[in-house]
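Structure record follows, encoded as structure tokens.
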Amino acid sequence: MSSSRLRNNPMLPLPRPFRVLAAIALVLILVYAAGWVLIQVGGMVSQILIPIVVGLLLAALLMPAQLLLNRKLRFPRHAAAAVTVVGLIAIIGGTIYFAGRSIAQGVEDVRQSLQTVLDRAEEWLATGPLGIDESQLQDLFAQGRDWLADNTASLSSGALNATSSAGTLLVGAFLALIVALFLLAEGDRISSFMLMGFNEPARTKVRETIRRAWVTLGSWARTQVIVSAADAIGIGIGAFALQLPFVVPMIVITFLLCFIPLFGAFLSGAMFALVALLFGSPITALIMIGVVIAVQQLESNVLQPLLMGKAVNLHPLVVLLGVTTGTYLLGLTGALLTVPILAAANAGYKYWVGRDPFPGLNDGGSALAGSPRTLAPVRKSAKLPKDIGSVTPQWIEQDRLAELYSPSRIEDSPSETEETEEV
């Protein structure tokens with residue numbers, strides 16, 4: 001039976017539009033089912049999978065130190081990896097020590113400041129628009145004490161759960177450090193072993209895809225650390241100038257919050273503004289908000305484009321949807337890990353479909369030591385047309401062709417020995 005006759009006698013005796021809708025519905029159902037299975041499996045292995053992903057990001061972040069110790073100072077690869085990881089642990093431990101010391105030294109001052117704030121709040125409640133007298137305030141405080149007494153068991157249970165979560169967190173952090181150690185020392189061997197399961201030319205295709213994803217991960221990790229540190233230190237200097245308490249711990253918290261795209265900057269700014277309002281005045285809070293906005297604008301418009309350029313950028317809508325979905329599925333961990341995973345997947349996808357984001361890798365560029373600014377095309381991103389509705393598929397196609405035929409820029413070509421050691 002000919003193929004034309006099969007097309008004229010479909011299995012479903014329905015008009016063509018209905019068959020198309022049925023096919024689309026079937027594809028959506030299959031995608032949803034596959035996503036559900038992945039979420040269920042991911043939930044079961046999340047306590048192992050998440051530390052592995054974190055270890056991968058740590059290895060990408062620490063690779064410059066590993067290259068310095070191994071290639072420049074001639075450390076053995078395992079010794080260089082151990083020194084790098086131990087150095088990271090020392091930095092984290094020192095930061096926690098100084099933050100805790102700052103909290104311990106400022107507890108008495110903060111207690112006195114909190115008492116002053118409570119006195120002001122009590123006075124405002126009594127003389128303000130609410131008109132709450134002293135007896136009503138005492139009743140409110142008594143109800144609070146009664147609630148605390150009645151829910152002691154629940155609070156104790158929550159404390160035990162927090163202790164259990166802290167233990168799980170420590171185990172996960174240890175596993176992540178071990179993963180990072182072995183990736184730094186034997187990443188090339190591990191990746192090559194995995195690639196042996198492919199035959200040519202698929203092996204080369206997969207290897208080049210991994211190299212582009214690695215460049216993206218490394219650039220994101222290093223840029224995010226620098227940007228988060230700049231945000232935290234800049235805002236911390238403003239808080240110190242305003243003589244706010246707990247500046248060092250708030251700098252550490254801000255550094256961590258800035259790893260959460262979009263929402264982290266808002267949360268850190270709100271934290272500083274609230275502290276300025278509680279321990280200062282409304283004018284102090286307004287000044288603190290101005291400092292936060294100035295620092296974050298400098299970071300987003302100057303520092304981040306300078307370090308990363310446009311090579312690993314994602315559309316803000318993709319970031320928003322990704323962070324929201326990651327937070328819904330995995331909580332804070334999902335919010336932290338979604339963007340680097342999406343960025344790496346985006347770079348690999350572009351290469352796979354023929355839109356190489358880092359053509360400099362084909363011209364001798366290093367996936368370990370190269371930066372996106374030197375490996376990406378020289379041309380600047382095309383600006384959107386001024387009028388709404390002017391972007392057409394033809395416009396996008398022309399933009400992609402321009403990207404495809406743009407020259408790449410390589411500052412230093414690595415030696416042949418360096419190339420054999422790459423991921």
Side-chain angles (χ1 to χ4, degrees), residues 38 49 52-68 70-71 77-78 80-81 84 176 179-223 308-309 311-314 337 339-377 400 403-423:
L38 289 175
L49 184 61
I52 292 175
V53 175
V54 173
L56 182 66
L57 288 173
L58 288 176
L61 170 66
L62 299 174
M63 186 56 70
Q66 174 75 0
L67 294 177
L68 173 65
N70 177 246
R71 293 184 177 179
R77 57 168 64 198
H78 290 87
T84 302
V179 171
L181 176 67
F182 280 103
L183 288 177
L184 289 171
E186 302 181 12
D188 51 349
R189 178 183 178 184
I190 294 172
S191 62
S192 297
F193 177 80
M194 295 172 61
L195 289 171
M196 292 300 294
F198 297 91
N199 295 322
E200 293 292 352
R203 180 185 299 173
T204 300
K205 187 85 170 180
V206 174
R207 179 178 182 272
E208 293 302 319
T209 302
I210 293 175
R211 294 179 73 204
R212 273 112 184 124
W214 182 263
V215 172
T216 303
L217 284 179
S219 177
W220 179 89
R222 291 187 290 272
T223 300
M308 190 180 294
V312 296
N313 277 3
L314 294 171
L337 299 181
V339 171
I341 292 175
L342 286 177
N346 182 54
Y349 168 77
K350 284 185 176 181
Y351 173 76
W352 197 263
V353 299
R355 294 166 49 210
D356 192 353
F358 305 119
L361 291 174
N362 296 326
D363 301 329
S366 171
L368 297 182
S371 68
R373 294 185 63 86
T374 60
L375 299 174
R400 290 181 176 179
E403 179 181 355
L404 181 63
Y405 292 105
S406 295
S408 59
R409 51 184 177 189
I410 303 297
E411 292 180 350
D412 298 308
S413 296
S415 63
E416 183 179 352
T417 304
E418 292 175 342
E419 277 294 305
T420 59
E421 295 180 353
E422 287 196 356
V423 176

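Worth saying up front: this structure is predicted, and the values here are computed from it rather than measured.
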Got [X] and [Y] here, is their nearest side-chain heavy-atom distance under 4.5 Å?
X    : Y    : result
L195 : I210 : yes
R71  : Q66  : no
L58  : V179 : no
W214 : L56  : yes
V206 : W352 : yes

Shortest non-hydrogen contact between [X] and [Y], atoms and distance:
X    : Y    : answer
A221 : L57  : CB-O, 4.1 Å
T216 : A347 : OG1-CB, 3.2 Å
H78  : E186 : NE2-OE2, 2.7 Å

So does R189 have more than 12 non-hydrogen atoms from other groups sitting under 6.0 Å from CZ? no
Whether T223 side chain and S219 backbone form a donor-acceptor pair below 3.5 Å: yes
Distance in Å, [X] [atom1] paired with [Y] [atom2], rounded so as to fall on 0.5 Å steps:
X    : Y    : atom1 : atom2 : answer
M63  : L183 : CE    : CG    : 8.0 Å
L184 : R77  : CG    : CZ    : 11.0 Å
N199 : T204 : CG    : OG1   : 11.0 Å
I341 : N346 : CD1   : CG    : 13.5 Å
L62  : L68  : CG    : CG    : 12.5 Å

Can you tell me which residue among E208, R212, R211 is in a side-chain contact (heavy atoms from CB on, under 4.5 Å) with F358? R212
